[in-house]
Amino acid sequence: MMINVSNLKKNFDQLTVLESINFSVTKGEVVCLIGPSGSGKTTLLRCLNLLEKPDDGTIQIHQDQLSFSGAPLKTKELIRLRKYTGMVFQGFHLFPHKTVMENIIEAPLIVKKYTKKRLVEQGAQLLKKVGMLDHKDKYPDSLSGGQQQRAAIARALMMEPEVMLFDEPTSALDPQLVREVLKVIESLAKEGQTMIIVTHEMNFARRIADKVLFMDEGFIIEEGSAEQVLDHPNEPRTQAFLQLLDDE
Amino acid sequence: MFDWFYQIQWEYLYNPELAWQSVPLLMEGLKVTMIIALFSMFFALVLGLLIGVARMSKFWLFKLPAKFYISFMRGTPLLVFIFILYYGLPVIGIQFNSPIVAGIVGISLNFAAYNAEVIRSAIMSVPRGQWEAAQSLQMNYPQLMRRIIIPQATRIALPPTFNIFMDIVKGTSLASVITVHELLYSARIVAGRTYESMTMYITAALIYWSVCVVIGFFQQYLERRYNRYLNKQ
């Protein structure tokens, strides 16, 4: 099992965002996380990357496990799990003071202490894959949103994560730029990259997902193949949510 | 009604000859002014960085003293603080061996508080996404500070930091009241001897201004360097 989450809980002050989350992901699996806003999808993803600290439950990634039920964990333990995941944000968050190439080699250079020569070669290959090699010396501010997001995907991939986490990767993009980003994510799926994707793009989820999780009010309400969940949902809440999307 | 206007003695407005003759003396004073200003700015920056970081800490033992320090230094006039150092401390048996040192200590300690606030606000104005992106790439706190946050905060902090630097250059004139022979003190000596106060103080003002103009150019240069990654549209 690549990821196994059990009984995960998260509160913000009085507000319970994740009630009790249980799910697992196998190696190479592509999981799409859907649900209305405020349902806890993004928080769940951020918990997997420890950008949010869960209040209870366990997270196991790769062969490593953290339990949040006991005494508070030290920062060092918390961030141990980060090395298995790469995160792609809705707002890209490229480093504005660095060029595309500098952006993507920064972390492996500083954290893993790899040589620059090796990273620049590896980086060029990755940038070619996401169609950004021509822009490698540009600063993020001069790129379109779609280009920035593709660079951000390459940046996360440079750390060679076991699992890629995508937090609504196309929600901040102009409609005509969505496709170029989704195409990159689909090509990763074909290569067997394990991924969890929070998305509102239902057609994309249908094409790419091995498994779809529907979340609402801090619970995973329904889980199954894309066909099951998106086309033949059992739960009334899933049906209502999909109906709402169709109406738009 | 306009009598006062006709009583103005224009011939005393500015005496270029006297100004020219006193240039060597004023330059001696300017040298002292710049020594005080540069040392003060350096110490104020280093101290300000430490206090600013302490102010941002979640740990009360760092945070509260930093808050108190900033509050006191921003809330008291620099002149009063210099008096405390130079005239107050000797009363309890602590003496500076030179008024220049007292001036540097006073100005550094006072302006460190302003620098601390500038540094704190600049660091906090770097968007949260930058911190999170760096964290998600496994950078630890010192790494993400040094490589991601501080370079971006520096750009934001440049204009207010140069305001402080100019304030320090001008603030050195307060050291003249504790007998530091800096620019204003030198001008006052000549003014006292010749009664040409207008000429001498205008000359001093013009010299302060020139120094600040040069500093302003340096600021422009740095801003351009730090802004080069922004898309000019």
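Keep in mind that the numbers below use all heavy atoms, side chains included, and drop hydrogens, waters and symmetry copies. Order of the sequence lines fixes the chain letters, A, B, ..., with proteins taken first and strands second; residue numbering starts at 1 for each chain.
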Could you look at [X] and say if it's the side chain, the backbone, both or neither that has a heavy atom under 4.5 Å from chain B?
X	value
Thr99(A)	neither
Phe89(A)	side chain
Ala152(A)	neither
Arg46(A)	side chain
Leu51(A)	side chain
Leu50(A)	neither
Lys98(A)	side chain

Take atom [atom1] of [X] as the centre, draw a 6.0 Å sphere, and report whether it contains more than 12 heavy atoms from other residues, nucleotides or ligands.
X	atom1	value
Tyr226(B)	OH	no
Phe162(B)	CZ	yes
Phe68(B)	CZ	no
Phe59(B)	CZ	yes
Tyr201(B)	OH	yes
Tyr87(B)	OH	yes
Lys76(A)	NZ	no
Lys112(A)	NZ	yes

Pick from Gln135(B), Arg146(B), Arg155(B) with the largest number of heavy-atom pairs that fall under 4.5 Å of chain A: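 Most heavy-atom pairs within the cutoff with chain A belong to Gln135(B).
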Min side-chain heavy-atom separation Glu106(A)-Met139(B) under 4.5 Å: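 Yes, at least one pair of side-chain atoms sits under 4.5 Å.
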Side-chain heavy-atom pair Met87(A), Glu132(B) within 4.5 angstrom cut-off: no
Nearest-0.5 Å distance, CG of residue Asp141(A) to CZ of residue Arg228(B):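 Going from CG on Asp141(A) over to CZ on Arg228(B), the span is 13.5 Å.
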Thr75(A) OG1 to Asn140(B) CG distance, which is reported to the nearest 0.5 Å: 11.0 Å
Pick from Leu94(A), Val88(A), Leu165(A) with the largest number of heavy-atom pairs that fall under 4.5 Å of chain B: Leu94(A)
Looking at every non-hydrogen atom in both residues, tell me the closest pair between [X] and [Y] and how far apart they are.
X	Y	answer
Gln138(B)	Lys83(A)	NE2-CA, 3.1 Å
Arg147(B)	His97(A)	O-NE2, 3.0 Å
Phe95(A)	Ala133(B)	CE2-CB, 4.1 Å
Ser136(B)	Asn49(A)	CB-ND2, 3.4 Å

Per-residue contact mode, Arg128(B) against chain A (heavy atom under 4.5 angstrom): side chain
